[in-house]
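Just so we're on the same page: letters track the sequence lines, and every chain starts at 1.
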Number of protein chains: 2
Amino acid sequence: MKQAGRGPRERMVFSAAQLIRRNGVTATGMREVAAHADAPRGSLQHYFPGGKEQLVNEAVEWAGRYAGKRVARFLAELEHPTPGGLFAAMAAQWTDEYAADGFTAGCPVAAATVDCATGDSTRQAAAAAFAAWRAPVAGALTDMGVPADRADSLATLMISTLEGAILMARAERDERSLTTAVRELGPLLDAAVRP
Amino acid sequence: MKQAGRGPRERMVFSAAQLIRRNGVTATGMREVAAHADAPRGSLQHYFPGGKEQLVNEAVEWAGRYAGKRVARFLAELEHPTPGGLFAAMAAQWTDEYAADGFTAGCPVAAATVDCATGDSTRQAAAAAFAAWRAPVAGALTDMGVPADRADSLATLMISTLEGAILMARAERDERSLTTAVRELGPLLDAAVRP
DNA sequence: CGGCTACTATGACCGGTGTCATAGTCGATC
DNA sequence: GATCGACTATGACACCGGTCATAGTAGCCG
């Protein structure tokens, strides 16, 4: 992913997401975030007066928006968009990363959901992130001809399965769960397009 | 779930799993585990000379064995066992818990995978737990008539989807993702039984 | 220049962490 | 009863976390 170039505030949010998805929320320190972003430590309390909770929440929301925008890019790259093809592209993002950088990181939204030592606001941020992710997926499905009442369900299923497969792949250090999910779920998704 | 009655060592492992799945690994303290298990603090270093890492690993392994044994019980309770019925039973365990106790806890194996501040041994324990969970599921599928080469894939898919749906349900405080997974994935699973 | 705002720099504080060291208790066995 | 092992109890240690407080700098505007 891209790094510097933006302002220090955006860099810190990005670095927080990066570290959270690698080590978890509680295990990620504020000083660590500042160092990773090459940002001064004093800027933390300036840009994030709400403390760690605010920083974590913004990182999670950022991740949700990022995943949502990513869907549009996947669609643009597909010649003949199908639900199964979209799902394969979403999973491929992870298999590519794992092949390149190792199984060191997961989804920051998942990390924030599991590691909810911070208050309830982080949970809400995670829910918002999932919503910001699911909406474009469901929209893409309807555009492909999936009936409206099933599009949201299938989008939920896609994200659920993807998250679980990411989790399992990390634990096993093997992308098998991701490829399996694509192989088994693809036909089901493609079969949902209105004839 | 059951509590006391066992020896203090087993109680501590159980309490660790309980707290981990609620708050995450890093956010769970050793003193906290001892207090939750009504066990003396001094027993920690006695029973777990390997420190927190050992305790966490044993908790994760315990969770994997628990999930594996649970599969057999689900099968016994089903009159006409089908893949979709098994999956529904696995998901119902979570919807029931969430309806009764609120969305306060997730899967300890997922927590250990995401919150991997502890060394690589915890990751291995998580992988072992997934294996101990997947094996009986795959075995059950073959017993129901699923071809051997697909049984393991579908078991992986079931666990992936379930884990992701648990995650999403917790974030959204809504069991929708779980019920959706059952509804959408059930027919696919049942269709895999050899005719 | 003076003043104001945005941002940076550092150090201190308090609470909590895992771990260690030491001493104490209990119970069985010889 | 004495001895030994298993287990418990408690305090101290070193460390790191987030946060606060205070001072410093840079740049713009009047």
Side-chain angles (χ1 to χ4, degrees), chain A residues 4-60 108 111-112 114-122 125, chain B residues 4-20 22-60 108 111-112 114-123 125:
Chain A
R6 316 285 183 171
R9 191 184 197 281
E10 192 172 353
R11 284 209 318 272
M12 284 195 274
V13 173
F14 175 79
S15 288
Q18 200 80 351
L19 293 172
I20 286 170
R21 82 196 199 95
R22 215 184 334 254
N23 302 324
V25 174
T26 311
T28 298
M30 300 281 274
R31 294 166 167 84
E32 195 184 357
V33 171
H36 183 274
D38 271 329
R41 186 163 73 88
S43 299
L44 281 170
Q45 76 179 269
H46 185 257
Y47 290 115
F48 307 97
K52 184 177 187 176
E53 191 169 341
Q54 180 186 356
L55 176 59
V56 170
N57 293 359
E58 292 201 20
V60 170
V114 162
D115 200 347
C116 52
T118 44
D120 188 72
S121 67
T122 302
Chain B
R6 316 283 183 171
R9 190 183 196 283
E10 192 172 352
R11 284 210 316 274
M12 283 194 276
V13 173
F14 175 78
S15 287
Q18 200 80 353
L19 292 172
I20 286 170
R22 217 186 328 257
N23 302 324
V25 174
T26 311
T28 298
M30 300 282 273
R31 296 166 167 82
E32 194 184 357
V33 171
H36 183 275
D38 270 328
R41 185 163 75 87
S43 299
L44 281 170
Q45 77 179 265
H46 182 70
Y47 290 115
F48 307 97
K52 183 176 187 176
E53 191 169 342
Q54 180 185 357
L55 176 59
V56 170
N57 292 359
E58 291 201 21
V60 170
V114 162
D115 200 347
C116 53
T118 44
D120 187 71
S121 67
T122 302
R123 200 219 82 235

Gap between atoms [atom1] and [atom2], on [X] and [N] respectively (whole Å):
X     : N      : atom1 : atom2 : result
B:N57 : C:dG18 : CG    : P     : 15 Å
A:F48 : D:dC20 : CZ    : P     : 15 Å
B:L44 : C:dT19 : CG    : P     : 9 Å
B:H46 : D:dT10 : NE2   : P     : 17 Å
B:Q54 : C:dT19 : CD    : C1'   : 14 Å
B:Y47 : D:dT8  : OH    : C1'   : 9 Å

Non-neighbouring partners of B:A59 that pass side-chain contact (heavy atoms from CB on, under 4.5 Å), sequence neighbours left out: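 B:A59 satisfies side-chain contact (heavy atoms from CB on, under 4.5 Å) with B:V13, B:A16, B:A17, B:I20 only.
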Contacts under 3.5 Å, N or O only, protein and nucleotides 16-18 of chain D:
residue : atom : partner : partner atom : Å
D:dG18  : OP1  : A:T28   : O            : 3.4
D:dG18  : OP1  : A:M30   : N            : 3.2
D:dG18  : OP1  : A:K52   : NZ           : 3.1
D:dG18  : OP2  : A:M30   : N            : 2.7
D:dG18  : N7   : A:R31   : NH1          : 2.5
D:dG18  : O6   : A:R31   : NH2          : 2.9

Could you pull out every donor-acceptor pair under 3.5 Å between side chains of residues 32-51 of chain A and any protein atom, sequence neighbours left out?
residue : atom : partner : partner atom : Å
A:E32   : OE1  : A:G29   : N            : 3.2
A:H36   : ND1  : A:S15   : OG           : 2.7

Side chain to side chain donor-acceptor pair (under 3.5 Å) partners of B:T28, counting only residues at least two apart: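 Listed in chain order: nothing, the list is empty.
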Partners passing side chain to side chain donor-acceptor pair (under 3.5 Å) against B:D115 (at least two apart in sequence or in another chain):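 Applying side chain to side chain donor-acceptor pair (under 3.5 Å) to B:D115 gives B:T26.
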Terminal axes of the helix from C:dC1-D:dG30 to C:dC13-D:dG18 (five pairs each): angle between them, nearest 10 degrees: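 One end axis against the other gives 0°.
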Salt bridge (charged side-chain N to carboxylate O under 4.0 Å, His left out) involving A:R22 - partner list, sequence neighbours excluded: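 In terms of salt bridge (charged side-chain N to carboxylate O under 4.0 Å, His left out), with neighbours along the sequence ignored, A:R22 is linked to no residue.
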Contacts of A:E58 that satisfy salt bridge (charged side-chain N to carboxylate O under 4.0 Å, His left out) - sequence neighbours left out: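 Applying salt bridge (charged side-chain N to carboxylate O under 4.0 Å, His left out) to A:E58 gives A:R9.
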Distance, nearest 0.5 Å, that separates CD of A:Q18 from CZ of A:R11: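 So the CD of A:Q18 and the CZ of A:R11 are separated by 14.0 Å.
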Inter-residue atom distance A:T122.OG1 - A:Q54.CD, 0.5 Å rounding: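 With rounding to 0.5 Å, OG1 (A:T122) is 11.0 Å from CD (A:Q54).
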Interface polar pairs with nucleotides 26-28 of chain D, N/O, under 3.5 angstrom:
none

Minimum heavy-atom distance between A:N57 and A:S121, given as atom pair plus value: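 A:N57 and A:S121 have their closest heavy atoms at ND2-OG, 2.9 Å.
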Shortest non-hydrogen contact from A:V25 toward A:A111: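 That closest heavy-atom pairing would be CG2-O, 4.0 Å.
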Sub-4.0 Å heavy-atom contacts from residues 34-41 of chain A onto DNA chain C, ordered by number: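 Heavy-atom cutoff 4.0 Å gives A:P40, A:R41.
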Considering only nitrogen or oxygen atoms on both sides, find all protein atoms under 3.5 Å from nucleotides 21-27 of chain C and state each distance.
residue : atom : partner : partner atom : Å
C:dA21  : N6   : B:Q45   : NE2          : 2.8

